[in-house]
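All of these numbers come straight from a predicted model, not from anything done at the bench. When a ligand or atom number is given, it counts from 1 through the structure's own listing order.
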Amino acid sequence: MQDTIPVLTIDGPSGAGKGTTARAVAARLGWNFLDSGAIYRALAVAAMDRRVSWEDEAALEALAESMDLVFEAGPAPRILLWNNDIGRRILTEECGNLASKMAAFPAVRRALLDKQRSFRRLPGLVADGRDMGTVVFPDAPYKIFLTASAEVRALRRYNQLKEKGIDVSLAHLTEEIEERDRRDRERQTAPLRAAEDAVVIDSSDLTVDEVIEACLSVVTSH
Ligand SMILES: Nc1ncnc2c1ncn2[C@@H]1O[C@H](COP(=O)(O)OP(=O)(O)O)[C@@H](O)[C@H]1O
Ligand SMILES: Nc1ccn([C@@H]2O[C@H](COP(=O)(O)OP(=O)(O)O)[C@@H](O)[C@H]2O)c(=O)n1
């Protein structure tokens, strides 16, 4: 039954615009939304709080399995980890970087599979991440690989963090994004890559609205 529920997967590197686009497309279609990166970021927060080393695969696997993580939808969405709102803590690049290190472990990825697949509910799902189309929902009927140049992505992230009052240097951010890209692309398990049946969209020279329309047309023109 679950397999017949439609899924649109949007994978790609950091700052390509996946979250912004996926959220808007989900709202336009009236579908559910999965921010899989937030699950990996929540694991990073849990590990920091419980003093679990990012190098301890078995302990991270156990933590991933025991995490009580709730995504509250609605006009003011919240992410609750053991009932604590971690929405702001997961935004930092430190958290993204730590998440990317933990995400390289096969046991950690396996432990988070069911949680991600549980978002596949009627009437449909838009799923944002790195391996949505290749590993988590390989049977999804609609797949997009959203990308943009590293310079554009770093600048977008810089402006986004500044708007949220988080102070960062553009040079440092560019280095971190490049390091994270490399790790995500080169890892053995579920590396960042476009699924063979994905439509590739380069958002470097597109506005947010143009990207949203391009994604919607992948679903409506199918
Ligand atoms: N096409 C675009 N043009 C300009 N800015 C964009 C575009 N897409 C996304 N952004 C901005 O870039 C930042 C990063 O986007 P986000 O959706 O968080 O990327 P990702 O989820 O791929 O890491 C956000 O501030 C967002 O508003
Ligand atoms: N499906 C996913 C989603 C995120 N991740 C990891 O989690 C990190 C943070 O993901 P994110 O989607 O929040 O990152 P941004 O694209 O927002 O920068 C990524 O760098 C990946 O290493 C993953 O491995 N698989």
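Side-chain contact check for D49 versus R89: some heavy-atom pair is nearer than 4.5 Å. Side chains of S36 and Q116 form a contact here, defined as non-hydrogen atoms less than 4.5 Å apart. With a 4.5 Å cut-off on side-chain heavy atoms, S203 and T147 do not count as touching. Two residues are said to be in side-chain contact when any heavy atoms from C-beta on lie closer than 4.5 Å; E93 and R157 meet this criterion. The side-chain heavy atoms of E176 and E94, taken from C-beta on, include no pair separated by under 4.5 Å.
What sits closest to atom 13 (O) of ligand 2 on the protein, heavy atoms only, is R41 NE, 2.5 Å. Atom 24 (O) of ligand 2 has R109 NH1, 2.8 Å as its closest protein atom, hydrogens excluded (heavy atom only). Scanning the protein for heavy atoms near atom 7 (O) of ligand 2, the closest one is Y40 CB, 3.6 Å. The protein atom (non-hydrogen) at minimum distance from atom 4 (C) of ligand 2 is G37 CA, 3.6 Å. In terms of protein heavy-atom proximity, atom 9 (C) of ligand 2 is closest to R180 NH1, 3.5 Å. Distance from atom 3 (C) of ligand 2 to its nearest protein heavy atom, with residue and atom name: S36 OG, 3.4 Å.
Distances from atom 17 (O) of ligand 2 to the heavy atoms of K101, R157, K18, E179 put R157 nearest.
Using a 4.0 Å cut-off between heavy atoms, R130 contacts ligand 2 through both its backbone and its side chain. Contacts between R183 and ligand 2 below 4.0 angstrom, taking non-hydrogen atoms only, are absent altogether. Proximity of S100 to ligand 2, defined as any heavy-atom pair under 4.0 Å, is shared by backbone and side chain alike.
A salt bridge links D181 with R153: at least one charged nitrogen is closer than 4.0 Å to a carboxylate oxygen. Of the charged side-chain nitrogens involved, at least one lies within less than 4.0 Å of a carboxylate oxygen, so that R109 and D131 count as a salt-bridged pair. A salt bridge is defined here as a Lys NZ or Arg NE, NH1 or NH2 lying under 4.0 Å from an Asp or Glu carboxylate O, and E178 with R182 fails to meet this definition.
Enumerated by chain and number, the residues approaching ligand 1 to less than 4.0 Å through a heavy atom are P13, S14, G15, A16, G17, K18, G19, T20, R156, R157, Q160, L206, T207, V208, V211.
Less than 4.0 angstrom separates some heavy atom of A103 from each of these atoms of ligand 2: 6 (C), 22 (O), 24 (O). Here is the list of ligand 2 atoms found below 4.0 Å of a heavy atom in D184: 19 (C), 20 (O), 21 (C), 22 (O). Close approach to S14 involves these atoms of ligand 2, each under 4.0 Å from a residue heavy atom: 15 (P), 16 (O), 18 (O). The atoms of ligand 2 that sit less than 4.0 Å from any heavy atom of M132 are 1 (N).
With rounding to the nearest 0.5 Å, the separation of CG in L125 from CD1 in I5 is 9.0 Å.
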Could you walk me through whether D184 and S100 satisfy the side-chain hydrogen bond (donor to acceptor under 3.5 Å, both in side chains) test, starting with their C-alpha distance in whole Å, then the side-chain angles of each, then the deciding distance to 0.1 Å, before giving a yes or no?
CA-CA 7 Å; D184 288 351; S100 146; 3.3 Å; yes
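An N or O contact shorter than 3.5 Å links R187 to ligand 2 by distance. Between D35 and ligand 2, not a single N/O pair is under 3.5 Å apart.
In this structure, A154 and I177 approach most closely via the heavy-atom pair CA-CD1, 3.8 Å.
Taking Ile, Leu, Val, Met, Phe, Trp and Tyr as members and joining any whose side-chain heavy atoms lie under 4.5 Å apart, directly or through other members, the hydrophobic cluster of F145 also contains L192, V200.
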Kindly list each side-chain donor-acceptor pair under 3.5 angstrom involving residues 68-79, sequence neighbours excluded, with atom names and distances?
unit_1 : atom_1 : unit_2 : atom_2 : d
E72    : OE1    : R78    : NE     : 3.0
E72    : OE1    : R78    : NH2    : 3.3
E72    : OE2    : R78    : NH2    : 3.4

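The stretch residues 16-63 participates, sequence neighbours left out, in no ring-ring contact (aromatic ring centres under 6.0 Å, His included) pair at all.
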